[in-house]
Amino acid sequence: MSKSESKPAAVDVVVVGAGFSGLYLIHKLRGLGLSFRVFEAGSGVGGTWYWNRYPGARCDVESMQYSYSWDPQLQEEWRWSETFAPQPEILKYANHVADRYDMRPHIEFNTLVEAAEFDEATNRWSIKTSQGETVSARFCIMATGCLSAPRAPEIEGVESFAGPTYHTGQWPHEGVDFSGKRVGIIGTGSSAIQAIPVIAEQAGHLTVFQRTPNYSIPARTTPMNDDYEREWKDNYAARREIMRHTAAGNFYERAAISAGDVTPEERQRIFEERWAIGGTRFMTAFNDLATNAESNEAAAEFVRGKIREIVKDKATAERLIAKDYPIGTKRICADSHYFETYNRDNVRLVDITEEPIHRITPTGVVAGAETHEFDALVYATGFDAMTGTLLRIDIKGRNGQTLNDKWEAGPRTYLGLMTAGFPNMFMITGPGSPSVLSNMMVSIEQHVDWVSDCLANLTRQGSEVIEAELAAEDAWVAHVNEVAYKTLYPKAASWYMGANVEGKPRVFMPYIGGVGAYRDKCDAIAAAGYKGFLMQGPRAAVGAAAE
Ligand code: FAD
Ligand code: NAP
């Protein structure tokens, strides 16, 4: 008997994905006593940290903060080796959690969910997998991740390159030896900025193809200090609670003043202080860097000055400096010696706005008037973020409507948790929730807690179906939009806006109203009988009762 044959064909819940969202769901669903199956495309747990094994990959949220908070014992026992954990260690942590809580028997690996269709006659989802199985479930929870649909660059001849090619988001498990090789890398986002310094140390020569320069702050990761770790562990419960109610889910000192409230000298001193501390908390040096163009420009100019100080070749420094979008409106990067890497003799920057890439050939890349010959190519070209992974699944809701059709003009959700017309389908950190603008661990836990409380409620009430109301969804989409346009974020052609994928609608996808404020809204909606959600079932219509 095959593995899947020994599993029930009908369950209460199907979970798609076994990253940090999926693992926490296993813990919660077990607690609820519901029957469930978990499908994972990869051969192991960890999601992002399973797939993104490129050299230099690490967290840009402090290790002590980027971990589960749901078991005090777990957080007391686990020890991080550095202030910002490297990818192998985060993957080890995910595996430790899976083993410690005996989660693996629930997960079916190497199994892609290809389609999910809601049957209105039975109020159940029919979920098709790449193993040829169809599973029936009352609820379908998409724990599929926001950054899990990697994109290769759409460049003529991309398939023709004769040497090996690697996407940062699908890095080989056995690692890659670039020793002595001529390597080309396309992209200068967060992944590239982490990978470039490490690849440059190994490769014979590295050519970086940059389309848009990025702002980056040195991460300044250090070995974990025992006293620092102890202090965190002694205060974990209180700090985690504070994090849950902050803007971005982090325990960082956030200034209460505007950059305009201090003298230029004082502003410079504060930026210097943040630069010296390192990491993305640079963006909380003042309280208006995301909203006030002048304050933002002061921060951007500070970083430009740092790049000019670090990079010796003046022309290269100017090419590396972002000038036409506000700092932080594309995801701010955290690096380890990124700009310094351009001082190496074996590294060259090609600005493709000056020397456009014409095509990829079997031996290299033709850019401007030059042909660059390579032994290997790295695509650090990012993801079809937030919606890509969901839309790669053939999802059909009421009346056979596909999710692709419904989201043709951009994602529409209520709270980033559900979308009208697709009953009983939840998204963890879906578009319209703080997700990628936050410490994702905090947002994942909040969503998984909310969804499992909701399932417990439905079970208690005897309700079979929960669905976002269209009017509530429309109001939420308008709110998400309104809040976004009060900030500087929409000024950048970022993946937050869908701008990195040709033809993708330009909509600001995450909710920027803040992790704490968002949590309060979700809790208030649940407390009001799941306002804005319709519920149906044999015994109760909770949503209707609350009207
Ligand atoms: P994922 O980890 O993406 O897991 C989703 C899983 O679903 C994957 O394993 C995937 O294989 C599976 N899946 C998807 N579709 C299907 C399908 N159809 N069938 C079966 N399985 C499917 N966040 C931070 O807060 N701080 C950071 O420093 C940070 N660094 C990051 C670095 C990188 C390189 C990337 C790409 C992201 C980073 N993130 C960071 C965001 C990160 O994605 C989240 O922190 C978190 O790991 C997401 O967990 P998840 O379980 O929700 O999704
Ligand atoms: P990304 O930020 O989208 O960067 C992709 C890069 O590739 C950009 O520089 C982009 O240029 C370039 N690019 C894309 N298509 C191209 C093409 N056809 N030709 C030339 N250049 C092209 O992707 P990512 O670096 O993988 O990061 C994605 C997200 O994952 C991050 O924003 C972050 O949220 C997360 N992440 C976090 C960390 C961390 O520090 N913890 C590390 C990695 C990733 P344009 O800017 O012009 O589009």
Side-chain angles (χ1 to χ4, degrees), residues 15-25 38-42 44-54 56-62 65-66 84-85 87 90 94 108-116 127 129-130 142-155 158 167-169 185-195 209-214 216 219 248-250 279-280 322 325 330-335 352-353 356-357 379-383 385 389-390 392-393 428-429 435-444 447-448 492-496 499-502:
V15 173
V16 189
F20 284 124
S21 297
L23 293 182
Y24 186 33
L25 275 162
V38 181
F39 299 113
E40 167 53 56
V45 299
T48 285
W49 307 102
Y50 166 91
W51 295 105
N52 293 261
R53 299 173 190 235
Y54 59 86
R58 68 171 70 242
C59 210
D60 66 1
V61 169
E62 273 195 29
Q65 308 189 34
Y66 188 81
F84 293 94
Q87 169 272 331
I90 306 175
E108 289 156 72
F109 293 107
N110 305 306
T111 306
L112 183 75
V113 167
E114 295 175 335
I127 289 138
T129 77
S130 56
M142 296 298 186
T144 42
C146 296
L147 294 158
S148 46
R151 285 183 58 248
E154 286 135 9
I155 297 173
V158 69
H167 191 290
T168 49
I185 181 166
I186 300 179
T188 50
S190 301
S191 300
I193 278 177
Q194 290 184 330
F209 293 94
Q210 170 188 275
R211 186 164 69 185
T212 311
N214 250 305
S216 186
N250 295 314
T280 59
Y325 65 94
K330 269 173 177 283
R331 163 77 177 230
I332 187 93
C333 304
D335 70 275
I352 68 166
T353 62
I357 297 181
Y379 302 138
T381 42
F383 302 87
T389 310
L390 284 168
R392 285 177 188 188
I393 306 172
I428 303 301
T429 67
S435 60
V436 291
L437 295 174
S438 67
N439 172 351
M440 291 280 284
M441 280 293 200
V442 174
S443 291
I444 286 169
H447 263 194
V448 171
S494 66
W495 59 257
Y496 296 134
N500 65 327
V501 179
E502 219 179 297

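Scope of the values below: all heavy atoms of this structure, side chains included, with no hydrogens, waters or symmetry mates. Numbering of ligands and ligand atoms starts at 1, following listing order.
For atom 3 (O) of ligand 2, the closest heavy atom belonging to the protein is W495 CD1, 3.5 Å. Distance from atom 36 (N) of ligand 2 to its nearest protein heavy atom, with residue and atom name: S190 CB, 3.8 Å. Given atom 40 (O) of ligand 2, the protein heavy atom at minimum distance is Q194 NE2, 3.0 Å. Protein heavy atom closest to atom 19 (N) of ligand 1, with residue, atom name and distance, is V113 N, 2.8 Å. Atom 33 (C) of ligand 2 has as its closest protein heavy atom R331 CG, 3.8 Å. Among all non-hydrogen protein atoms, the one lying nearest atom 23 (O) of ligand 2 is G382 CA, 3.1 Å.
Not a single heavy atom of Q210 lies less than 4.0 angstrom from ligand 2. Residue contacts with ligand 1 leave out Y50, since none of its heavy atoms falls under 4.0 Å from the ligand.
Looking at A143 against ligand 1, only its backbone comes within 4.0 Å, counting heavy atoms. Residue contacts with ligand 1, taken as heavy atom pairs separated by less than 4.0 Å, involve Y54 solely via side-chain atoms from C-beta onward. For I352, every heavy-atom contact with ligand 2 shorter than 4.0 Å involves the side chain, none the backbone. Residue N52 touches ligand 1 through its side chain alone, judged by heavy-atom distances below 4.0 Å. Residue contacts with ligand 2 for F209 are absent, since no atom lies close enough (heavy atoms, distance under 4.0 Å). Contacts of A41 with ligand 1, taken as heavy-atom pairs under 4.0 Å, involve both backbone and side chain. Contact annotation: for I393 versus ligand 1, heavy atoms closer than 4.0 Å belong to the side chain alone. The proximity of T389 to ligand 1, defined as any non-hydrogen pair under 4.0 Å, is limited to the side chain. Contact annotation: for C59 versus ligand 2, heavy atoms closer than 4.0 Å belong to the backbone alone. Within the 4.0 Å heavy-atom criterion, the part of T111 lying near ligand 1 is the backbone and not the side chain. Under 4.0 angstrom from ligand 2, the non-hydrogen atoms of T188 come from both its backbone and its side chain. When non-hydrogen atoms are compared, ligand 1 lies under 4.0 Å from neither the backbone nor the side chain of A57.
When the options G56, S191, A493 are ranked by their closest heavy atom to atom 24 (P) of ligand 2, first place goes to S191. For atom 43 (O) of ligand 1, the choice among T429, T48, L390, V38 with the nearest heavy atom turns out to be T48. Evaluated by nearest non-hydrogen atom to atom 48 (O) of ligand 2, the leading choice among R151, R58, R211 is R211. Considering each of Y66, F84, W49, F39, the one bringing a non-hydrogen atom nearest atom 44 (C) of ligand 1 is Y66.
Protein heavy atoms come within 4.0 Å of atom 9 (O) of ligand 1.
Checked by distance only, ligand 2 and Y54 stay at 3.5 Å or farther apart across all their nitrogen or oxygen atoms. Checked against a 3.5 angstrom limit, the closest N/O atoms of A380 and ligand 2 fall inside it. Distances between N or O atoms of D60 and those of ligand 2 include at least one value under 3.5 Å. Of the N or O atoms in K330, one or more lie within a sub-3.5 Å distance of an N or O in ligand 2. In terms of N/O distances under 3.5 Å, ligand 1 is approached by M440. Geometrically, ligand 1 and R58 share no nitrogen or oxygen pair separated by less than 3.5 Å.
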Before giving the answer on side-chain contact (heavy atoms from CB on, under 4.5 Å), spell out for M142 and I393 the whole-Å C-alpha distance, their side-chain angles and the decisive distance to 0.1 Å. CA-CA 10 Å; M142 296 298 186; I393 306 172; 4.1 Å; yes
Would you please test I185 and Y379 for side-chain contact (heavy atoms from CB on, under 4.5 Å) and show each step? CA-CA 6 Å; I185 181 166; Y379 302 138; over 6 Å; no
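Between the side chain of R58 and the backbone N or O of F84, at least one donor-acceptor pair lies under 3.5 Å.
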